[in-house]
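Quick note: residue numbers are just sequence positions, from 1. Scope of the values below: all heavy atoms of this structure, side chains included, with no hydrogens, waters or symmetry mates.
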Amino acid sequence: MITDPTLTRIGEGVELHHHRGQRDAARDLFAQIWDDINGEQGDPLHVCVLAHSMADVQDDVREELVWDLRALAAADLVTDERAGQAGVPLSVAGLYPSLHLNVADCYHKLGELDRAHEHLQRARDTIGALGDDDYGRLIRGGLEQLEQRLNAG
């Protein structure tokens, strides 16, 4: 269970976006949290989760990619100990498949297919960190779908 108040606020934004269809309200909340955590200078766990969520509410794929790359860079600075303190149910290794999937998807949308394939492979290389639960199946399904789109041309 998430115990970190900042992650709880980010979760509220995710709820606004995914369950209530309030994308603009989610983006506004994420922007406020970004200011509150001092942007990229903040706690890497907060930066990672917030940037990952902020990417999903961008209208422009280039902006989405900027946020996804921020999330990926911040993940490299997060420790399992810090994630555990915040109540995150995944190891840090479990963050990478989704992060690389999102980056690969952006590169695909931008027509940068070599980079898309590179990040798709990185996602595949890290997929073993996920369990055979709903989240793991969601990410595996996303990888399969992106791979099909990349192979289709």
Measure the shortest side-chain to side-chain distance between [X] and [Y] over non-hydrogen atoms and say whether it is less than 4.5 angstrom.
X: Pro89; Y: Ile2; result: yes
X: Thr79; Y: Val92; result: no
X: Glu12; Y: Leu16; result: no
X: Glu147; Y: Arg124; result: yes

To check you understand the geometry: which heavy-atom pair defines the closest contact between [X] and [Y], and what is its length?
X: Ala75; Y: Leu99; answer: CB-CD1, 3.6 Å
X: Ala71; Y: Ala51; answer: N-CB, 3.6 Å
X: Ala26; Y: Val57; answer: CB-CG1, 4.2 Å
X: Ala116; Y: Leu150; answer: CB-CD2, 3.8 Å
X: Pro97; Y: Gly94; answer: CD-O, 3.5 Å
X: Arg137; Y: Asp132; answer: NH1-O, 2.7 Å

*So, Gln121 and Asp125: side-chain donor and acceptor under 3.5 Å apart, yes or no?*
yes
*Return each pair, listed once, that meets side chain to side chain donor-acceptor pair (under 3.5 Å) where at least one residue sits in residues 87-97; pairs must be two or more places apart or across chains.*
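The answer is Asp76-Tyr96.
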Linked, directly or transitively: [X] and [Y] (ILVMFWY side chains, under 4.5 Å):
X: Val47; Y: Leu69; answer: yes
X: Val49; Y: Leu77; answer: no
X: Leu90; Y: Leu138; answer: no

*Apply side chain to side chain donor-acceptor pair (under 3.5 Å) to Asp68 and list each qualifying residue two or more places apart in sequence or on a separate chain.*
none
*Tell me, please, which residues at least two apart from Asn38 pass side chain to side chain donor-acceptor pair (under 3.5 Å).*
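With sequence neighbours excluded, Asn38 shows a side chain to side chain donor-acceptor pair (under 3.5 Å) to no residue whatsoever.
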For [X], give me all partners under side-chain contact (heavy atoms from CB on, under 4.5 Å), at least two apart in sequence or on another chain.
X: Thr6; value: Asp4, Ile10, Ile33, Ile37, His46
X: Asp59; value: Arg23, Arg27
X: Asp36; value: Arg9, Gln32
X: Glu112; value: Tyr107, Leu110, Arg115

Closer than 3.5 angstrom, by distance alone: can the side chain of [X] be matched with the main-chain N or O of [Y] as a donor-acceptor pair?
X: Arg140; Y: Leu130; value: yes
X: Thr3; Y: Gln85; value: yes
X: Ser98; Y: Leu95; value: no
X: Ser53; Y: Val14; value: no

*Name all pairs fulfilling the ring-ring contact (aromatic ring centres under 6.0 Å, His included) condition that reach into residues 127-150, sequence neighbours left out, sorted by first residue then second.*
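Every pair satisfying ring-ring contact (aromatic ring centres under 6.0 Å, His included) with a residue in residues 127-150: there are none.
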*asked:* Going by ring-ring contact (aromatic ring centres under 6.0 Å, His included), name the pairs with one or both residues in residues 12-33, residues two or more places apart or in two chains.
replied: none
*asked:* Lys109 vs Asp105, test: salt bridge (Lys or Arg N to Asp or Glu O under 4.0 Å). Steps then yes/no.
replied: CA-CA 6 Å; Lys109 290 175 188 174; Asp105 188 47; 3.4 Å; yes
*For Asp60, check salt bridge (charged side-chain N to carboxylate O under 4.0 Å, His left out) against everything at least two apart and list the hits.*
Arg62
Measure the [atom1]-[atom2] distance between [X] and [Y] for me, rounded to the nearest 0.5 Å.
X: His108; Y: Leu101; atom1: NE2; atom2: CG; result: 12.0 Å
X: His119; Y: Leu146; atom1: NE2; atom2: CG; result: 11.5 Å
X: Asp56; Y: Asn102; atom1: CG; atom2: CG; result: 6.0 Å

*asked:* Quick test of your reading: applying salt bridge (Lys or Arg N to Asp or Glu O under 4.0 Å), list the pairs with at least one residue in residues 38-53, sequence neighbours left out, ordered by first then second residue.
replied: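 Every salt bridge (Lys or Arg N to Asp or Glu O under 4.0 Å) pair that includes a residue of residues 38-53, provided the two are not neighbours, is Glu40-Arg70, Asp43-Arg82.
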*Only pairs at least two apart or in different chains count here, so list each salt bridge (Lys or Arg N to Asp or Glu O under 4.0 Å) that has a residue in residues 92-103.*
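Residue pairs with at least one partner in residues 92-103: there are none.
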_From CA spacing to verdict: side-chain contact (heavy atoms from CB on, under 4.5 Å), Val88, Asp80_ = CA-CA 9 Å; Val88 175; Asp80 284 333; over 6 Å; no
*What do you reckon, is CG of Asp35 surrounded by more than 12 foreign heavy atoms closer than 6.0 Å?*
yes
